[in-house]
Amino acid sequence: MPVTFAIIGGSPVQFKPLFEYNKSIYQQSGHDMAQFEVGVHVHAFSELIVKK
């Protein structure tokens, strides 16, 4: 039951309740918490600054 959340806007902190909900359902369903996995796909931009 691993899941990957795609965060395409907003702060990742805003998605904490979704992660906590997924974790609680996983636990309530009797799954082994040692096997609990969540993936995150986040769009990120970086800027290369070259000094001349």
* Would you mind reporting whether Tyr26 and Lys23 have side-chain heavy atoms less than 4.5 Å apart? => no
* Asked: Linking I/L/V/M/F/W/Y whenever any side-chain heavy atoms sit under 4.5 Å apart, do Ile8 and Phe15 land together?
  -> no
* To do: Working to the nearest 0.5 Å, report the span between NZ of Lys16 and CD of Glu20.
  => 5.5 Å
* Asked: If you measure from CD on Glu37 to OG1 on Thr4, what distance do you get to the nearest 0.5 Å?
  -> 9.0 Å
* Does Phe19 share a hydrophobic cluster with Val42, counting links as ILVMFWY side-chain heavy atoms below 4.5 Å and allowing steps through other members? -> yes
* Structure fact -> When every non-hydrogen atom of Gly10 is compared with those of Gln14, the smallest separation belongs to CA-OE1, 3.3 Å
